Amino acid sequence: MASLKELATRKDPLTGGHRMCPGCGAPIVVRQILLASKDPVVVVSATGCLEVSTTIFPYSAWNVPFLHNAFENAGATMSGVEAAYQNFKKKGKIDQHINFVAFGGDGGTYDIGLQSLSGAMERGHDLTYVCYNNEAYMNTGVQRSGATPRGANTTTEPAGKVSQGKVQWRKDLTEIMVAHNIPYVAQGIIGNWSDLTRKAEKAFSIRGPKFMNILQPCRLGWGYRPDATLELARLAFETCAWPVYEVENGVYKISKPKEKKPVIEYLKPQDRFRHLFKPGNEALLADIQAEVDRRWGQLLAKEAPRQGSGQ
Amino acid sequence: MSEVKPGWKTLPEGDIVKGGTAAEFKTGDWRSERPVWFPERCIHCMFCWISCPDSSIVVKDGKMTGIDYDHCKGCGICVKECPVKPNKALEMKPEREGSCQR
Amino acid sequence: MSKVVARTGNEAMAEAMRQINPDVVAAYPITPATEIVMIFAKYVADGLVDTNFVAVESEHSAMSACVGASATGARVMTGTSSQGLCLMYEILPIAAALRLPIVMCDVNRAISGPINIHCDHSDTMAARDFGWLQIFSEDSQEAYDSLIQAIRIAEDPRVHLPTMVTTDGFIISHCLDRIEIVEDKEVKEFIGGDRKAANSLLDVKKPVSVGLLDLQDYYFEHRLPVAEAMKNSKKVILEVAEEFAKKFGRKYGLYEGYKLDDAEIAIVALGSTCGTAKVVIDELRAKGIKAGMLKIRVFRPFPAEEIAQALANVKAVAVLDRSDMWAGQGGQVFTEIRSALFEAVKKPQLLNYIYGLGGREIDQPMLRSVFTALQSAEKQPLVQYLGVRE
Amino acid sequence: MDSTVEIRWHGRGGQGAKTAALLFGEAALSLGKNIQAFPEYGPERMGAPVASFNRISSLPITLHCSITSPNIVIVLDPTLMETVDVTAGLPADGLIIVNTKDCPADIRKKLQLRGGKVFTVDASGISKETIGRDIPNTPLMGALVKASGLLPIDSMIKDTEEKLKKKFASKPEVIKGNLAAIRRAYNEVIGE
């Protein structure tokens with residue numbers, strides 16, 4: 001695995017001068033993942049915060065080839081790029097290995113782009129799809145998505161007098177991707193660069209479709225001080241609200257926190273959950289903790305027991 | 001302050017630009033607080049560099065050499081991630097003080 | 001040397017695609033265009049082409065993949081129809097604004113609702129404002145010839161716009177016809193080697209960003225050049241047609257006048273209907289009636305001046321629209337022609353007939369009735385529906 | 001006031017320039033004026049320079065174009081003066097109100113302003129003391145009323161109180177703080 005000193009010798013894939021919020025996690029995801037590639041990369045991005053803020057004509061923050069097409073089609077667009085690359089390679093017009101990386105927010109990945117993503121994965125293109133997941137439609141002003149967790153306050157499922165934010169649990173996209181039986185699926189966070197760059201390196205070392213779902217706190221939609229972005233992501237990991245794991249050829253490998261913290265430690269610093277701490281919402285908080293525990297248990301059960309396996 | 005922008009006849013064909021032109025766009029003026037680096041305390045661990053959302057930690061030959069204030073938006077992540085103790089190698093300072101005593 | 005074969009419209013299009021041998025094809029099945037990509041997929045499976053065929057999960061993804069592939073500098077084709085084209089609508093103008101010369105086989109079919117699989121031009125007409133060149137074909141031969149020409153036109157530096165070549169669903173797509181096919185080598189020569197793109201997304205040494213966000217200060221400057229390229233494409237279409245005629249003997253223009261020069265009454269139509277109309281016109285001519293036709297081949301760019309000139313000396317003209325734009329003032333072709341004639345000093349009286357929706361029959365008696373009405377055009381309502389029950 | 005008064009607010013994304021224009025517009029409306037309040041829409045994120053606008057008139061307003069020569073400019077964040085041309089289009093009799101601890105004379109020098117009239121107020125300081133956070137937009141409304149004489153301060157405060165009551169029903173301290181901030185800025189704003 002490349003050290004930070006080694007990564008620092010590589011060309012930064014993103015320049016400064018983009019218009020993301022101060023403290024935004026999305027460019028951190030991009031830099032950590034793309035820096036992990038020894039080979040050149042080509043990027044496609046779905047419409048979203050990242051795309052809009054990094055490519056305001058005539059200013060592009062991308063130091064690597066970049067294509068934006070529309071909101072729901074990053075998977076399909078990258079399929080086309082990769083198909084052309086394979087064609088050129090077959091004809092001997094290109095010999096350089098290239099890592100193809102598609103970025104989409106949770107809206108562009110969990111919801112409107114799911115079909116396109118699923119198709120690209122099923123067809124087996126050699127690409128890595130990275131969901132920079134901030135758990136709502138931040139670009140359009142914090143609307144709920146399929147990735148928004150229960151209880152979060154969003155502008156289309158707000159906390160009000162009779163309801164307490166999003167009613168439903170979030171969809172488990174990572175497991176949906178695992179069900180595609182692709183060679184590599186990873187769920188991670190920003191806030192642990194060594195884990196994230198290692199996962200990206202692994203993804204780039206594997207041929208075929210790869211999927212990475214990276215939790216990325218959004219200071220606007222989540223409501224916290226801009227310097228706490230990485231810290232909050234780490235809390236999500238430590239409370240198991242966002243498990244960190246990878247599935248390589250169907251084999252689960254889970255990163256376990258030293259001590260599993262209560263989920264309120266993660267919820268409390270965020271404005272989007274503030275209403276949950278008002279008197280009367282204790283049951284909902286308990287409910288959230290129970291669901292985190294249930295999902296964590298379910299995930300642990302998927303990991304093959306290490307003892308007795310002979311390995 | 002108004003720049004002359006190219007007309008349609010002089011723009012390149014299609015919606016395309018050379019990569020990396022955002023470096024010409026300064027976002028340093030978004031800052032209300034700035035990170036200040038204390039080189040004597042720095043251990044060059046690069047944690048600030050790998051965590052910066054604005055690619056604003058300047059690194060040369062494996063060592064941190066300063067902060068790109070043209071682009072740094074003053075989020076403070078670098079300060080937060082700096083592991084040096086007891087005094088961090090990066091500290092946040094107000095961007096500007098006032099002149100009028102009231 | 002060309003050879004005479006029997007081919008359906010879909011087979012003719014697939015044949016042209018085989019000879020073009022594009023780098024990437026991305027497509028999704030839809031009646032009545034499915035066959036084109038099915039046949040082509042077999043060519044891929046048999047190693048007759050070098051193409052990477054991406055069998056995507058929707059037309060939206062088909063066009064999205066085409067955009068991605070084309071941005072690398074690859075030669076890219078697809079095929080679709082009706083709802084499939086509708087599902088592509090979002091991406092069609094992106095392909096145009098990014099100046100990607102994707103070429104599409106489009107089989108004209110009615111759009112839902114109600115669901116209907118048969119021919120009309122609603123799908124293609126609704127896509128007329130997305131920056132794609134649109135070439136209509138009367139028969140399989142024209143579809144085959146135009147598809148080969150379309151590669152040259154779309155990739156010409158003066159154009160650099162995506163292009164669709166259309167046939168009429170079932171009427172042409174599934175009708176076995178006599179066509180002349182030129183040799184593979186000749187097609188290859190005519191097209192002239194690989195696509196030459198100024199930029200490639202795969203050029204990792206000189207990275208470019210494509211598809212940026214334009215605000216109030218740049219969007220307009222990126223829209224106007226598409227209109228300009230569309231205007232310029234007329235000249236290119238004619239140049240390519242001329243070279244095609246020299247090499248292969250078949251002549252094409254922006255439109256085709258059929259016995260139009262001395263016509264007193266005429267119709268304007270697109271696609272397969274024009275063939276039927278030729279028979280009716282011949283009949284009328286035999287009876288001494290000066291009937292004629294203007295067949296529009298290229299609907300985008302719209303040859304407004306050329307059409308105005310060609311119709312200047314006709315007394316009365318009926319525009320036949322195989323689609324209704326539900327505006328309450330006739331069909332798309334009618335509106336465009338009416339607009340084209342506005343400045344003309346000499347212009348015919350105009351009528352509009354909307355006909356043939358959802359594959360409704362258009363036959364000789366119906367066309368005869370149009371010419372009969374034209375003989376007393378001043379007494380006719382401006383817009384009429386032909387062949388619909390009251 | 002028969003002619004239209006045009007106002008431009010300069011702030012940073014997230015600082016409340018848009019809200020200030022909306023609140024001020026609403027207050028003017030309830031005092032019988034015709035009003036417009038609109039932000040500049042862009043992809044800019046929190047911290048990026050943004051602008052918002054008001055038109056206030058006793059006659060109906062039908063203009064729907066941007067404001068290029070505002071009668072009044074309000075600067076929510078003094079650091080904006082380093083990079084944004086805040087005085088662009090300001091006429092000789094225009095007003096500029098800046099949230100700063102600096103004196104008007106210093107601001108005039110800094111902006112190299114010949115005409116116009118400069119006002120300053122430490123809106124950030126006031127809001128920190130009254131509301132508990134740096135939200136300079138509400139106090140600047142008080143400074144605007146004082147500097148421009150567009151509206152009577154008591155009616156404006158009364159109207160704002162009603163608006164805030166609806167928004168912060170459960171937080172009377174927020175309402176109190178905001179009203180105190182408006183009043184203090186009204187009293188503390190300094191002109192040349």
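Per chain, numbering begins at 1; letters A, B, ... match sequence-line order. Just so it is clear, the structure is predicted and the values come from calculations on it, not from any experiment.
For chain A, the option among B:Gly76, B:Gly19, B:Pro53 with the highest count of heavy-atom pairs below 4.5 Å is B:Pro53. The choice from B:Glu81, B:Met46, B:Glu24 that makes the most heavy-atom pairs within less than 4.5 Å of chain A is B:Glu81. With chain B as partner, the option from A:Leu35, A:Thr54, A:Val29 having the largest number of non-hydrogen pairs under 4.5 angstrom is A:Leu35. Counting heavy-atom pairs closer than 4.5 Å to chain A, the top-ranked of the candidates B:Thr27, B:Asp54, B:Ile50 is B:Ile50.
Using a 4.5 Å cut-off between heavy atoms, A:Trp62 contacts chain B through its backbone alone, with no side-chain atom that close. Heavy atoms closer than 4.5 Å to chain A are found in both the backbone and the side chain of B:Cys52. Within the 4.5 angstrom heavy-atom criterion, atoms from both the backbone and the side chain of A:Leu7 approach chain B. B:Lys26 does not touch chain A: none of its heavy atoms, backbone or side chain, sits under 4.5 Å away. With a threshold of 4.5 angstrom between heavy atoms, B:Ser56 does not approach chain A through any atom at all. Interface remark: B:Leu11 contributes side-chain atoms only to the contact with chain A (heavy atom separation under 4.5 Å).
The 12-atom threshold is not exceeded at CG of B:Asp61, counting heavy atoms of other residues, nucleotides or ligands nearer than 6.0 Å. Under a cut-off of 6.0 angstrom, the local environment of NZ in B:Lys5 is crowded, with over 12 non-hydrogen atoms contributed by other residues, nucleotides or ligands. A:Lys93 NZ: more than 12 foreign heavy atoms inside a 6.0 Å radius.
Annotation: cation-pi geometry not satisfied between A:Arg19 and B:Trp30 (NZ/CZ under 6.0 angstrom from ring centroid, within 45° of ring axis).
Judged purely by atom type and a 3.5 angstrom limit, A:Arg31 uses its side chain to pair as donor or acceptor with the backbone of B:Trp49. No donor-acceptor pair under 3.5 Å is formed between the side chain of B:Lys80 and the backbone N or O of A:Pro226. A donor-acceptor pair under 3.5 Å links the side-chain atoms of A:Lys5 to the main chain of B:His44, judged by distance alone.
With values rounded to the nearest 0.5 angstrom, A:Phe57 atom CZ is found 8.5 Å from B:Thr21 atom OG1. Between the NZ atom of B:Lys18 and the OG atom of A:Ser60 there is a distance of 10.5 Å, given to the nearest 0.5 Å. Atom OG of B:Ser55 sits about 4.0 Å away from atom CG of A:Asp12, to the nearest 0.5 Å.
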Problem - Pair A:Ile56-B:Phe25, side-chain contact (heavy atoms from CB on, under 4.5 Å): steps then yes or no - result: CA-CA 10 Å; A:Ile56 300 174; B:Phe25 190 90; over 6 Å; no
Problem - Full working for side-chain contact (heavy atoms from CB on, under 4.5 Å) between B:Cys75 and A:Asp227 - result: CA-CA 5 Å; B:Cys75 68; A:Asp227 61 1; 5.9 Å; no
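Within the 4.5 Å cutoff, no side-chain heavy atoms of A:Tyr59 are placed close to those of B:Val17. At least one side-chain heavy atom of B:Ile77 sits under 4.5 Å from a side-chain heavy atom of A:Leu230.
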